[in-house]
Asker: 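Right, I'll just put the structure down here and ask away after.
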Amino acid sequence: MSAARPLSPGAVVGILGGGQLGRMLAMAAARLGLKAHIYSPDPQSCALEVVRRHTLADYGDEAALDGFAREVDVITYEFENVPADAAMFLASRRPVMPDPSVLATTQDRLIEKDFIAGLGVATAPFVRVDSPAELSRAIETIGRPAVLKTRRFGYDGKGQVTIRDGTALEAAWRAIGGRPAILESFVDFEREISVVAARERGGRVECFDVTENEHRDHILKVSRVPALVSPAIADAAQAIAETIARAFDYVGVLAVEMFVPRAGETAVMVNEVAPRVHNSGHWTLDGASVSQFEQHIRAIAGWPLAKPVRRGRIEMINLIGEEVEEYARWLAEPHAKVHLYGKAHVRPGRKMGHVTCVSLDPAGHI
Ligand code: AMP
């Protein structure tokens, strides 16, 4: 279905997925006078706490999808593993943004990496691996250390294993469940960065400032803005995000995660693309003139994007698992903005909230 006219205040934005990203998208929609309708299979979804409209059903339930489509004016998603069939089914009824074809690319690491490489953008060298025998051959090409990643359903380090000097290949293959995979050269990066970019229906792109990301146990722990990179690297990173957004004919917010190799090495390398708002953009809620959530809602509504202006030096800290219990300490910090997602159960590795610290002194440290 082609993109319709711009929405008017009071229109309903349908959001597939009920996690914290859906929750923050719904809150941004509300601020702009729009209504949000969450579709989720999970009655415990934390996004349900902030909306009046919801559909509780599986993504394969066509009657529920049809009913949802009738209730909303535009449809978007807060996670990229929405089944492609469900997205296509909905797209025949209502505008779905970004286009479901983007999911087909980003749900599969091999297709995604081929797509990125096809744009002339650097990635770590990679090879397709479908069997233990192919893994042995791939390791000859790629060398050690290398990272074996399942093509589908990997996130926060799940479905991937690093192959070092002593690692037995059979064990690595078993560790990822013997599923179709790619083997990627291990990047000895200086730092990890990301760019959150928004693209309007009309094609205009606005990038947020480059963010530097620190992971712990493969889960994002801290984002700092601005990233400590040269202006040339920052420009190159934003140009890559813009190239990808244009190549997808993208509408909405996307995030591109990249490695900055050590000095003197090749260009910035793309690790992965998230076709949605992203954890490394949470700082924009408190640290920029417009948030990534608002930009996404503006874009899919057919409204103009804002030009983002950063407010200072920013640190965003994720509250993971039991760390959320320290909320009272964070509430007492004068510069900290506390965001709790209201999730019913604390589990190790689960993102429970985040804190943003903004230093208005551009040279100051937080
Ligand atoms: P991913 O699931 O691809 O986003 O990977 C999660 C994290 O694992 C990244 O943010 C990196 O910290 C690390 N990682 C992934 N791929 C590589 C690689 N090829 N070389 C070095 N570290 C990697």
Side-chain angles (χ1 to χ4, degrees), residues 19 21 79-81 103 105-117 121-129 135 138-139 141-165 167 169 172 175-177 179-196 210-225 227-229 237 240-241 244 254-263 265-283 316-318 320 349-351 354:
L21 301 179
F79 81 118
E80 61 269 49
N81 284 321
L103 293 181
T105 303
T106 55
Q107 283 176 353
D108 183 316
R109 288 190 195 270
L110 179 62
I111 298 173
E112 179 179 84
K113 286 239 154 61
D114 278 336
F115 174 80
I116 292 162
V121 172
T123 65
F126 62 95
V127 176
R128 171 184 185 149
V129 172
L135 177 57
I139 207 85
T141 316
I142 297 288
R144 296 176 188 240
V147 188
L148 184 64
K149 301 180 175 181
T150 55
R151 283 173 58 175
R152 300 176 67 85
F153 301 119
Y155 66 96
D156 285 350
K158 294 190 176 74
Q160 63 175 271
V161 58
T162 305
I163 299 178
R164 300 184 190 278
D165 273 347
T167 310
L169 296 186
I176 62 151
R179 287 181 287 156
I182 59 169
L183 184 73
E184 209 174 89
S185 177
F186 186 90
V187 180
D188 179 24
F189 54 79
E190 185 185 272
R191 55 189 89 240
E192 289 190 80
I193 60 172
S194 59
V195 174
V196 175
V210 180
T211 303
E212 184 164 337
N213 301 314
E214 193 184 307
H215 294 84
R216 258 177 238 162
D217 301 327
H218 295 276
I219 300 171
L220 181 66
K221 180 58 194 158
V222 184
S223 288
R224 296 184 182 87
V225 208
L228 284 179
V229 294
I240 286 170
I244 292 172
L254 60 68
V256 184
E257 294 185 79
M258 304 177 220
F259 299 127
V260 180
R262 296 205 178 274
E265 287 184 36
T266 49
V268 169
M269 292 177 187
V270 169
N271 179 34
E272 68 179 355
V273 178
R276 53 170 170 79
V277 287
H278 192 254
N279 196 170
S280 69
H282 287 4
W283 64 268
M316 187 288 307
I317 300 143
N318 268 343
I320 298 168
R350 193 172 199 205
K351 292 172 179 170
H354 72 268

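Indexing begins at 1, ligand by ligand and atom by atom, following the structure's order. As a basis for the values below, the full set of heavy atoms in this structure was taken, side chains included, without hydrogen atoms, waters or symmetry mates.
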Asker: When you measure from atom 20 (N) of ligand 1 to each heavy atom in D188, L220, T123, V187, which option holds the nearest one?
Answerer: V187

Asker: Mind telling me whether H282 and H354 have parallel, tilted or perpendicular rings, with 30° and 60° as the class edges?
Answerer: tilted

Asker: Name the option, out of E192, R109, K149, that contains the heavy atom nearest to atom 12 (O) of ligand 1.
Answerer: E192

Asker: Could a heavy atom of P145 be found less than 4.0 Å from some atom of ligand 1?
Answerer: no

Asker: Mind running salt bridge (charged side-chain N to carboxylate O under 4.0 Å, His left out) on D108 and R151 for me, showing each step along the way?
Answerer: CA-CA 5 Å; D108 183 316; R151 283 173 58 175; 2.8 Å; yes

Asker: Which atoms from ligand 1 have a heavy atom of F189 less than 4.0 Å away?
Answerer: 21 (C), 22 (N)

Asker: Of all the heavy-atom pairs spanning T162 and T167, show the shortest one and how long it is.
Answerer: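 Nearest pair, atom of T162 first, then T167: O-OG1, 3.9 Å.
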
Asker: Determine whether the side chain, the backbone, both or neither of V147 has a heavy atom under 4.0 Å from any heavy atom of ligand 1.
Answerer: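 For V147, only side-chain atoms sit under 4.0 Å from ligand 1.
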
Asker: Quick one: are I163 and L183 in side-chain contact, heavy atoms under 4.5 Å?
Answerer: yes

Asker: Applying a 4.0 Å heavy-atom criterion (strictly less than), which segment of N213 is in contact with ligand 1: side chain, backbone, both, or neither?
Answerer: neither

Asker: So, the side chain of E212 versus the backbone of L228: is there a donor-acceptor pair under 3.5 Å, distance only?
Answerer: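 Pair found, side chain donor or acceptor close to backbone of L228.
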
